[in-house]
Amino acid sequence: MTLRGTRPNPFQWLWYAVGGRLPQRCNPWVLHDVTCRTWGVRHFIRAFFQMSPILLLLLLPGPLYIRILSILLGMFVGYFYSMTYMWHTTEQRLVKQGFTRGLGEQTRRARHAEADARAKAAYEQLYRSNS
């Protein structure tokens with residue numbers, strides 16, 4: 001087993017992408033998936049797979065431009081809501097795997113704690129000093 005845990009196979013990943021629970025051996029991978037540097041991109045890709053059935057609109061009869069615009073509008077609305085609730089959704093994925101709620105946010109914050117502390121100190125020095 002690698003440091004990031006057992007990766008799911010392609011079928012398991014598709015199940016996970018649409019909201020399914022993975023086997024416990026994949027728990028470290030799920031934690032990595034929702035807390036790594038590219039967690040937002042990974043969420044975006046999962047959202048694409050969730051919305052991919054909308055591409056079936058291409059098979060409907062009618063003008064092509066209406067079908068394409070319908071797909072684009074549907075994807076735009078879907079991505080808007082997906083990105084709006086991204087933090088909640090990733091936390092829910094962790095809870096579904098048996099982790100405590102808030103672990104994803106804590107893990108992401110801990111990774112950037114030093115840089116956040118430097119930024120806060122610079123802000124305090126610039127805007128809160130008695131000059």
Side-chain angles (χ1 to χ4, degrees):
M1 183 157 93
T2 65
L3 190 59
R4 293 182 184 158
T6 304
R7 293 181 57 91
N9 64 43
F11 296 110
Q12 288 174 325
W13 186 89
L14 287 173
W15 175 244
Y16 169 74
V18 296
R21 187 177 189 282
L22 292 175
Q24 280 195 333
R25 62 182 159 70
C26 295
N27 279 1
W29 181 86
V30 172
L31 180 61
H32 170 77
D33 184 53
V34 299
T35 60
C36 68
R37 183 178 53 85
T38 59
W39 73 280
V41 174
R42 290 167 176 251
H43 179 80
F44 191 85
I45 292 168
R46 282 191 305 270
F48 175 78
F49 280 97
Q50 290 173 351
M51 292 183 284
S52 63
I54 199 170
L55 297 174
L56 293 175
L57 288 175
L58 286 173
L59 301 177
L60 293 176
L64 181 62
Y65 77 95
I66 290 178
R67 292 180 281 163
I68 290 174
L69 289 175
S70 298
I71 290 170
L72 290 176
L73 181 60
M75 297 287 270
F76 175 76
V77 171
Y79 272 122
F80 173 79
Y81 282 104
S82 178
M83 296 299 125
T84 300
Y85 293 104
M86 180 168 57
W87 289 267
H88 174 75
T89 304
T90 55
E91 288 299 328
Q92 190 58 34
R93 284 182 184 281
L94 289 175
V95 169
K96 192 178 286 188
Q97 288 297 126
F99 292 104
T100 59
R101 186 171 304 283
L103 179 64
E105 183 66 23
Q106 289 173 353
T107 304
R108 288 187 294 268
R109 283 183 193 253
R111 183 175 291 125
H112 301 289
E114 186 177 313
D116 290 345
R118 284 194 310 266
K120 183 177 180 181
Y123 175 86
E124 294 290 333
Q125 182 180 9
L126 184 62
Y127 294 109
R128 303 288 185 213
S129 65
N130 294 331
S131 308

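These numbers were taken from a predicted model, which means no experiment stands behind them.
Here the closest non-hydrogen pair linking Ile71 and Ile54 is CG1-O, 3.6 Å. Heavy atoms only, all atoms of each residue included: Pro8 and Gln12 are closest at CA-OE1, 3.3 Å. Between Leu31 and Phe99 the shortest heavy-atom distance is CB-CZ, 4.1 Å. Considering all non-hydrogen atoms of both residues, Thr6 and Trp29 come closest at O-CB, 3.5 Å. Taking every heavy atom of both residues into account, Met51 and Met75 meet most closely at CB-SD, 3.8 Å. Scanning both residues, Ile68 and Leu58, for their nearest heavy atoms gives CG1-CD2, 4.2 Å.
Screening residues 79-89 for side-chain hydrogen bond (donor to acceptor under 3.5 Å, both in side chains) gives His43-Ser82 as the qualifying pairs, with residues at least two apart or on separate chains. Identified under the side-chain hydrogen bond (donor to acceptor under 3.5 Å, both in side chains) test for residues 109-119, with sequence neighbours left out: Glu105-Arg109, Glu114-Arg118.
Interatomic distance, CD1 of Ile66 versus CG of Leu60, reported as 11.5 Å (0.5 Å rounding).
Using a 4.5 Å heavy-atom cutoff, the side chains of Arg46 and Trp13 are in contact. Arg93 has its side chain out of reach of Arg21: every pair of non-hydrogen atoms, C-beta onward, lies at least 4.5 Å apart.
Hydrophobic clustering keeps Val18 apart from Phe48 (ILVMFWY residues linked when any side-chain heavy atoms are closer than 4.5 Å, directly or through intermediates). Follow the hydrophobic side-chain contacts under 4.5 Å out from Leu57 and you reach Leu72 in the same cluster. Linking Ile, Leu, Val, Met, Phe, Trp and Tyr whenever their side-chain heavy atoms come within less than 4.5 Å puts Leu55 and Phe44 in one cluster. Cluster membership check: Leu73 does not share its hydrophobic cluster with Leu69, using side-chain heavy-atom separations under 4.5 Å among Ile, Leu, Val, Met, Phe, Trp and Tyr. A continuous path of Ile, Leu, Val, Met, Phe, Trp and Tyr side chains, each step under 4.5 Å between heavy atoms, connects Phe49 with Val41, placing both in one hydrophobic cluster.
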What's the verdict on side-chain contact (heavy atoms from CB on, under 4.5 Å) for Gln97 and Gln24, showing C-alpha distance, side-chain angles and the deciding distance? CA-CA 7 Å; Gln97 288 297 126; Gln24 280 195 333; 5.8 Å; no
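Without hydrogens or angle criteria, Arg67 side chain to Gly62 main chain gives a donor-acceptor distance under 3.5 Å. The main-chain N or O of Arg42 is never found under 3.5 Å from a side-chain atom of Asp33 such that the two would form a donor-acceptor pair. In this structure a side-chain-to-backbone donor-acceptor pair under 3.5 Å is present from Arg108 to Val34. Using a distance-only test at 3.5 Å, with no hydrogens or angles considered, a donor-acceptor pair links the side chain of Gln50 to the main chain of Ala17.
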